[in-house]
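These notes concern the structure reproduced below.
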Amino acid sequence: MKIYKFLSLFFIALTLFTLSSCRTGDDDETADSTPGNLQLKFENGFNNLGDVVLNQTTQTSVNGQKHQFSTLKYIISNITLIDENGGEFEYHYNDPDNGAFIVDQAEAVAGINYINLKEIPQNNYKKIRIGLGISQSAYLLGQSGQGIFWQKAKTAGMAWSWAAGYIFTKLEGKYGTSSAATEFMNHCGNMGNTSANNTPDLYREITLDFPTTARVSNEITPSVHILADLNQYLSGQTALTLDSSNDMAMGSNQYLVNVTNNVSKMFKVDHVHND
């Protein structure tokens, strides 16, 4: 009787274990790890005036100078998503053909420029890091390593000759004291191989916190709304004044280093939609 009872209990335990194993295996097999998508929305504005309207919105700098933009463009690359555990997903890092984008205010839809990222691993993301411009590592891949984006940049007016390289930030418009009447052009970018040419590297990487978690899945495509406050241009960490010595500046001289450092501080994530 004892042996029969023992065998009965043994077979019951074995059956429960087998069923549990099968259920666990089924759960593993049905777990969906399909990558999802994520959208970045860039909105360019002045913090006290709202969205920039080209040839119209006029800002007054901390030095009392009025200015407005007729052209407002910049390159975003090397997008990296950082999850809640500090893990990083690099989106086509140092691969401009697939991972670099031009934000152009002239192409904004209701004030927004959209960048749609595909094949993003399912995860909960808390931060994003973006590159302003094109890194030296990517540029030194040569023209054959980024031919598609190079053509896009040339067509958009965001490149000099190949030896000179990309224009990272293009700001054009008018400025003045009583009114914005004098034309200016500030084109920031590296002068080719910065080490060989002994010129400043204007590429910058900026890390931004998300106010709420972006939950990427095959069912949820988060939309990350990034505000760019162009008041930082002349009124940022270094207060700048446009004049005849710098109003047609192109390249990477010290004035444009200051411009770059200013505008690299203009970004913040306003909110995240998990729709």
Side-chain angles (χ1 to χ4, degrees), residues 42-76 101-113 132-134 150-192 199-200 202-204 227-267:
F42 284 86
E43 183 175 0
N44 298 313
F46 290 116
N47 64 346
N48 58 327
L49 298 176
D51 292 350
V52 170
V53 178
L54 297 177
N55 299 304
Q56 182 173 322
T57 311
T58 302
Q59 175 68 301
T60 302
S61 72
V62 293
N63 288 335
Q65 190 169 65
K66 297 185 183 300
H67 59 285
Q68 62 180 226
F69 297 114
S70 59
T71 298
L72 167 55
K73 303 180 185 182
Y74 49 87
I75 292 175
I76 295 296
F101 308 89
I102 297 170
V103 176
D104 183 349
Q105 189 63 16
E107 297 180 353
V109 178
I112 304 293
N113 280 267
L132 181 61
I134 297 292
W150 176 251
Q151 285 303 126
K152 288 181 181 178
K154 286 182 66 177
T155 301
M158 294 298 286
W160 292 298
S161 66
W162 175 252
Y166 293 98
I167 299 171
F168 296 170
T169 305
K170 177 179 261 190
L171 304 171
E172 299 178 359
K174 294 181 179 180
Y175 73 98
T177 303
S178 59
S179 65
T182 304
E183 292 188 355
F184 75 89
M185 297 170 59
N186 282 180
H187 298 179
C188 307
N190 287 346
M191 291 288 94
T199 54
L202 299 193
Y203 173 73
R204 300 287 185 270
L227 299 182
D229 173 19
L230 271 299
N231 192 48
Q232 296 296 314
Y233 167 43
L234 297 181
S235 304
Q237 67 179 31
T238 301
L240 301 174
T241 301
L242 285 161
D243 56 38
S244 59
S245 71
N246 59 31
D247 61 8
M248 292 293 163
M250 300 184 187
S252 58
N253 61 28
Q254 184 55 52
Y255 166 76
L256 293 176
V257 171
N258 290 335
V259 169
T260 297
N261 289 337
N262 280 0
V263 298
S264 67
K265 303 294 192 301
M266 69 182 179
F267 301 101

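Note that the structure is a prediction, hence the values are computed from the model and not measured.
With hydrogens and angles ignored, the 3.5 Å screen pairs a side-chain donor or acceptor of Asn262 with a backbone N or O of Thr238. No donor-acceptor distance shorter than 3.5 angstrom exists from the side chain of Lys152 to the backbone of Ile102, with no hydrogens or angles considered. Formation of a donor-acceptor pair under 3.5 Å by the Asn63 side chain with backbone atoms of Gln65 is not found in this model. Between the Lys170 side chain and the Gly157 main chain, a donor and an acceptor come within less than 3.5 Å of each other.
Minimum interatomic distance between Ser161 and Trp150 (heavy atoms only, all atoms of both residues): O-CH2, 3.8 Å. In this structure, Asn44 and Ala228 approach most closely via the heavy-atom pair OD1-CB, 3.3 Å. Here the closest non-hydrogen pair linking Val257 and Leu202 is CG2-CD2, 3.6 Å. Minimum interatomic distance between Val62 and Ala239 (heavy atoms only, all atoms of both residues): CG2-CB, 3.7 Å.
Side-chain atoms of Thr260 and Thr169, non-hydrogen and from C-beta on, never get closer than 4.5 Å to each other. For the pair Thr199 and Asn190, the minimum side-chain heavy-atom distance is 4.5 Å or more. Side-chain contact between Tyr74 and Val263 is absent, with no heavy-atom pair separated by less than 4.5 Å. In this structure, Tyr233 and Met266 have side chains that are not in contact, with every pair of non-hydrogen atoms separated by 4.5 Å or more. Residues Gln59 and Leu230 have side chains not in contact (no heavy-atom distance under 4.5 Å, counting atoms from C-beta outward). Side-chain contact between Leu171 and Leu72: present, with at least one pair of heavy atoms (C-beta onward) separated by less than 4.5 Å. Phe46 is listed as a side-chain neighbour of Phe69, based on a closest heavy-atom distance under 4.5 Å. Proximity of Ile134 to Tyr203: side-chain heavy atoms (C-beta onward) are nowhere separated by under 4.5 Å.
For the side chain to side chain donor-acceptor pair (under 3.5 Å) criterion with Thr58, the lone passing option out of Lys174, Lys66, Gln68 is Gln68.
In this structure, a donor-acceptor pair under 3.5 Å is absent between the side chains of Glu172 and Ser70. Between the side chains of Gln232 and Asn47, no donor-acceptor pair of N or O atoms lies under 3.5 Å. For the residue pair Thr241/Asp243, the side-chain donor-acceptor check at 3.5 Å is not satisfied.
Enclosure of atom NZ in Lys265 by more than 12 non-hydrogen atoms of other residues, nucleotides or ligands within 6.0 angstrom is indicated. Other residues, nucleotides and ligands place no more than 12 heavy atoms under 6.0 Å from the CD atom of Glu183.
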Q: Apply ring-ring contact (aromatic ring centres under 6.0 Å, His included) to Phe101 and Phe42, showing your working.
A: CA-CA 11 Å; Phe101 308 89; Phe42 284 86; 9.2 Å; no

